[in-house]
Peer 1: 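Structure incoming, see below.
Each chain gets a letter, A, B and so on, in the order its sequence line appears, and its residues count up from 1.
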2 protein chains.
Amino acid sequence: MKIMARIKDIAKLANVSPSTVSNVIHGRKNKLSPELYEKVQRILEEEHYVTHRGAQMLTKQGSRLIALILAYSRAEEESIVQDPFVSSIIGAVQSALQKEGYFLLLYANPDVELCTKITLEWNVEGIILLGAKREGYYYLRSLNSVPVVTIDTIFFPEDHSYVNVGLEDYQGALEMTRYLLSKGHEKIAFLSLMDGMDVLRKDAIDNIRYQGYLQAYEEKNLAADRSLCRNLSYDGKIRQKQYREFYQEGFWGCTALFFTADIMALEMMSFCMDQGLKVPEDISIAGYDGIFAAKRARPRLCTICQDSTEKGRRAVTELLFLLKEEQDIGTCKKDIRLPVFLEEGSSVQALRERQPSPGLQLHLQKESEHRDREKFLEEV
Amino acid sequence: MKIMARIKDIAKLANVSPSTVSNVIHGRKNKLSPELYEKVQRILEEEHYVTHRGAQMLTKQGSRLIALILAYSRAEEESIVQDPFVSSIIGAVQSALQKEGYFLLLYANPDVELCTKITLEWNVEGIILLGAKREGYYYLRSLNSVPVVTIDTIFFPEDHSYVNVGLEDYQGALEMTRYLLSKGHEKIAFLSLMDGMDVLRKDAIDNIRYQGYLQAYEEKNLAADRSLCRNLSYDGKIRQKQYREFYQEGFWGCTALFFTADIMALEMMSFCMDQGLKVPEDISIAGYDGIFAAKRARPRLCTICQDSTEKGRRAVTELLFLLKEEQDIGTCKKDIRLPVFLEEGSSVQALRERQPSPGLQLHLQKESEHRDREKFLEEV
DNA sequence: TTGTAAGCGTTATCAG
DNA sequence: CTGATAACGCTTACAA
């Protein structure tokens with residue numbers, strides 16, 4: 001390691017005391033004569049002086065460090081950061097923090113205890129917590145009292161003292177289902193992405209979306225068929241098998257598929273095309289998220305768009321607010337829901353214009369012969 | 001801030017001295033009796049003791065911090081992290097570092113001086129530098145002597161003392177061009193993505209790829225038309241205009257388009273489809289990168305696949321090697337080139353099977369009438 | 001086997 | 001306006 005000039009060295013070079021140098025570093029012009037200030041300033045630059053953040057952390061200055069914690073249950077995988085949302089949030093957070101003179105410590109681990117430990121070790125001044133469950137959030141809060149802003153955590157009505165940034169998930173699913181129903185589809189499959197958990201788990205985002213889906217049926221005085229709902233695996237290979245099975249089951253007789261993530265919708269779309277089916281002639285497909293690939297796909301994917309960059313920006317804004325106002329986070333209860341909007345796409349077609357190909361019709365026959373969906377469900 | 005138990009506090013609780021506690025923390029069992037060790041260990045856990053990284057940085061222990069610096073010239077934009085490569089590299093780096101007990105400081109800024117300052121302030125033990133030019137690398141090295149591994153930096157033959165992780169860029173472009181030529185295409189446009197810079201800039205990746213493109217022609221004893229080469233803008237909106245112009249120019253009479261990034265290839269593909277053209281019947285399109293959207297698109301994009309996660313992993317491996325071996329980086333010159341492979345896709349078709357649609361033919365006529373490509377080029 | 005003390009670099013307080 | 005000094009928390013060499 002190259003020898004670095006420290007305050008003491010600068011002080012010697014300038015024939016002043018360390019505290020004078022410190023005053024110059026902090027721009028306290030009123031504390032010394034302009035000439036001296038200039039001189040010290042010059043030497044500081046000449047010597048490429050940089051502050052030692054470790055030493056600074058030891059004083060009351062604080063660390064200027066913000067932790068971005070990815071606590072997804074699948075956070076141990078490298079791929080988590082590649083998720084388009086996660087990465088756009090990282091980008092937005094990094095950029096917003098830098099403007100305010102903060103630094104970003106990135107840590108991904110499903111173990112909240114470990115994450116908490118890291119935030120304590122590094123004396124971070126604030127935390128943005130991504131993909132955690134409410135229990136995880138409360139655990140973190142119980143040990144670390146710095147401001148925390150969560151993204152996409154589901155809280156319960158009885159919860160208090162949290163700041164969460166999320167989406168109008170309910171509204172989005174409601175609108176999409178309304179839209180599909182308005183196009184004449186009545187058998188709409190609801191397909192979510194969750195690690196083996198039940199879609200009905202109360203604190204899962206996809207459950208909120210499912211409620212929106214049900215609500216849309218209710219509004220039309222239709223009975224939603226609750227068996228038209230399924231969780232797909234996070235594992236891409238398993239998912240591929242699941243698409244095939246679902247296809248072989250004739251899509252359970254559904255005319256439209258509503259996926260809670262564009263990734264799945266696109267995968268299914270290309271799977272269908274590979275099987276010789278036509279989208280939307282044979283089957284209508286809708287997604288959720290509005291990722292790049294969805295806009296580029298042809299037929300263009302009909303989806304619910306969210307602005308995930310805005311999520312990151314907003315999280316930082318809220319965190320900085322807590323930091324600056326020194327507001328007691330214990331008294332806040334803020335559930336920010338960013339708007340989403342439906343983007344039409346030719347992957348969805350009105351039912352009356354539908355022209356199923358012979359291939360699909362064969363499958364539909366098969367399905368009515370088999371009726372062995374129970375077996376299929378068991379396999380999962 | 002909640003009051004945290006420090007070594008001194010633990011020492012008091014256990015009726016031992018601070019150094020004894022420190023010995024326990026560092027697992028130096030031989031330094032004290034097993035009973036005492038157990039006892040201190042227990043109290044440590046009870047009090048949720050965590051080390052203070054700032055204080056530790058002040059000792060010779062080092063910071064355990066690795067900086068991942070994104071020094072792309074467009075790094076001030078939030079979107080940089082969203083780039084599928086960048087984000088998969090971040091993911092891989094984060095995950096690999098964590099396993100080794102290092103922490104990740106993420107910093108994105110086109111200003112290398114600033115980046116250098118950050119690495120010095122935080123006393124990072126190593127640096128992974130992404131998207132920097134060689135000058136930037138050498139500037140960083142001149143001020144910070146910790147190990148640095150670059151990713152995707154282009155060095156010159158006369159350069160020395162660097163460790164760089166890159167791709168077989170030349171080979172990839174060579175193979176793709178060979179492939180397109182083997183399919184009978186002779187007029188192949190080469191379309192790169194660079195911020196207004198000349199594709200011929202010696203230290204640009206796309207220039208390396210361009211050399212591969214030229215080489216493929218040479219191998220076939222064909223004269224490559226050097227005017228069939230163009231840089232597109234990083235700005236998505238401008239790019240959209242450029243696609244339109246290029247289309248209106250009848251693709252300069254090319255039958256195949258080779259883009260140096262899948263993003264562009266996909267954008268062009270959907271643009272064509274929106275104009276009523278058929279891919280590959282009217283025009284063959286090839287990309288570079290092998291991103292998710294490319295695999296999902298139909299027709300599937302023919303592209304050169306790279307494993308960007310492996311890039312990140314490899315960068316960490318190399319960095320850890322430098323760190324552990326305490327090898328003098330001044331003596332290394334390592335240019336690691338990860339393999340790429342061509343993935344066929346139906347977006348490319350043999351020329352003889354080509355069936356241009358009337359729409360395209362009209363455009364081709366237009367083009368031969370106008371011959372005003374110079375004007376077009378000026379506009380850029 | 002255990003304890004003491006110096007040192008790391010910065011900042012804030014207080015005295016000159 | 002300037003300078004000495006203590007404090008932050010940890011590590012390690014050395015003394016007991």
Peer 1: Which nucleotide wins on minimum distance to the side chain of R6(A), given the candidates dG9(C), dT11(D), dT2(D)?
Peer 2: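 Within the option list, the nearest is dG9(C).
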Peer 1: Please report, rounded to the nearest Å, how far the C1' atom of dT10(C) is from the CG atom of L58(B).
Peer 2: 8 Å
Peer 1: According to a strict under-4.0 Å criterion, is Q56(A) in side-chain N/O contact with OP1 or OP2 of dT11(C)?
Peer 2: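 Yes.
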Peer 1: Indicate whether OP1 or OP2 belonging to dT12(D) is found under 4.0 Å from a side-chain N or O atom of R28(B).
Peer 2: yes
Peer 1: Grab the CD1-C1' distance between I25(B) and dG9(D) for me, whole Å please.
Peer 2: 10 Å
Peer 1: Scan S22(B) against the nucleic acid and name what it touches under 4.0 Å (heavy atoms): base, sugar-phosphate only, or nothing.
Peer 2: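 Result for S22(B) = base.
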Peer 1: Under 4.0 Å from OP1 or OP2 of dC10(D): is there any side-chain N or O of T59(B) that close?
Peer 2: no
Peer 1: Heavy atoms only, 4.0 Å cut-off, all strands: where does Y37(B) land among base, sugar-phosphate and nothing?
Peer 2: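 No contact.
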Peer 1: Quickly work out the I7(B) CD1 to dA5(C) C1' distance and round it to whole Å.
Peer 2: 15 Å
Peer 1: Between dC8(D) and H52(B), is there an OP1 or OP2 to side-chain N/O distance shorter than 4.0 Å?
Peer 2: no
Peer 1: Can you check the K8(A) NZ to dG3(D) C1' distance for me, whole Å?
Peer 2: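 Answer to the nearest Å: 15 Å.
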Peer 1: So, does the side chain of S19(B) form a donor-acceptor pair with the base of dT4(C) at under 3.5 Å?
Peer 2: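 Such a pair exists between side chain and base.
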Peer 1: Closest-nucleotide mapping onto DNA chain D: is Y49(B) or V16(A) further toward the 5' terminus? I mean the 5' end.
Peer 2: V16(A)
Peer 1: Choose from dG3(C), dT11(C), dT2(C) the nucleotide whose nearest atom is closest to any side-chain atom of H26(A).
Peer 2: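 So the nucleotide nearest the side chain must be dT11(C).
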Peer 1: Is the cationic atom of K334(A) (NZ for Lys, CZ for Arg) positioned less than 6.0 Å from the six-membered ring centroid of F321(A) and within 45 degrees of its normal?
Peer 2: yes
Peer 1: So which one's nearest nucleotide on DNA chain D is more toward 5', Q61(B) or L32(A)?
Peer 2: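 With L32(A) and Q61(B) compared, the 5'-side residue is L32(A).
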Peer 1: Select base, sugar-phosphate, or nothing to describe what N23(B) touches, counting heavy atoms under 4.0 Å on all strands.
Peer 2: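 Since no nucleic acid heavy atom lies under 4.0 Å of N23(B), the category is nothing.
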Peer 1: Need one value for K31(B): base, sugar-phosphate or nothing, where a base atom within 4.0 Å counts as base even if backbone is also close, heavy atoms only.
Peer 2: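 Base contact.
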Peer 1: Please name the residue in the list N23(B), V24(B), N30(B) that meets the side-chain contact (heavy atoms from CB on, under 4.5 Å) test with Y37(B).
Peer 2: V24(B)
Peer 1: Taking NZ in K39(A) as the centre, count heavy atoms belonging to other residues, nucleotides or ligands within less than 6.0 Å. Is the count above 12?
Peer 2: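 For K39(A), atom NZ is crowded (more than 12 foreign heavy atoms under 6.0 Å).
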Peer 1: What contact category does D9(B) fall into here, base, sugar-phosphate, or nothing, at under 4.0 angstrom with non-hydrogen atoms?
Peer 2: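 Answer is nothing: D9(B) stays at 4.0 Å or more from every strand.
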Peer 1: Assess the residue pair R64(B) and E121(A) against the criterion (salt bridge (Lys or Arg N to Asp or Glu O under 4.0 Å)); give the C-alpha distance rounded to whole Å, side-chain angles, the decisive distance to 0.1 Å, and a yes or no.
Peer 2: CA-CA 12 Å; R64(B) 298 259 92 191; E121(A) 285 188 356; over 6 Å; no
Peer 1: Report the nucleotide, chosen from dG3(D), dT10(C), dG9(D), that has the shortest atom-to-atom distance to any side-chain atom of A55(B).
Peer 2: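 Closest of the options to the side chain of A55(B): dG9(D).
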Peer 1: Taking only Lys NZ, Arg NE, NH1 and NH2, and the carboxylate oxygens of Asp or Glu, determine whether R313(A) and E310(A) approach each other closer than 4.0 Å.
Peer 2: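 Yes, charged N to carboxylate O under 4.0 Å.
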Peer 1: In whole angstrom, give the distance that lies between atom CZ of R64(A) and atom C1' of dT10(C).
Peer 2: 16 Å
Peer 1: Below the 4.0 Å mark, does dG3(C) have OP1 or OP2 next to a side-chain nitrogen or oxygen of T20(B)?
Peer 2: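 Answer yes for this pair, as a side-chain N or O of T20(B) is under 4.0 Å from OP1 or OP2.
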Peer 1: How close or far is atom P of dT10(C) from atom CE of M57(A), stated in whole angstroms?
Peer 2: 14 Å
Peer 1: Within the structure shown, what part of the strands sits under 4.0 Å from L36(B) by heavy-atom distance: base, sugar-phosphate, or nothing?
Peer 2: sugar-phosphate
Peer 1: Ion pair present between E318(B) and R314(B), side-chain N to carboxylate O less than 4.0 angstrom?
Peer 2: yes
Peer 1: Starting from P on dG9(C), measure out to CZ on R53(B) and report it in whole angstrom.
Peer 2: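 Answer to the nearest Å: 19 Å.
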Peer 1: Which whole-number value in Å describes the distance from K60(B) NZ to dG9(C) P?
Peer 2: 8 Å
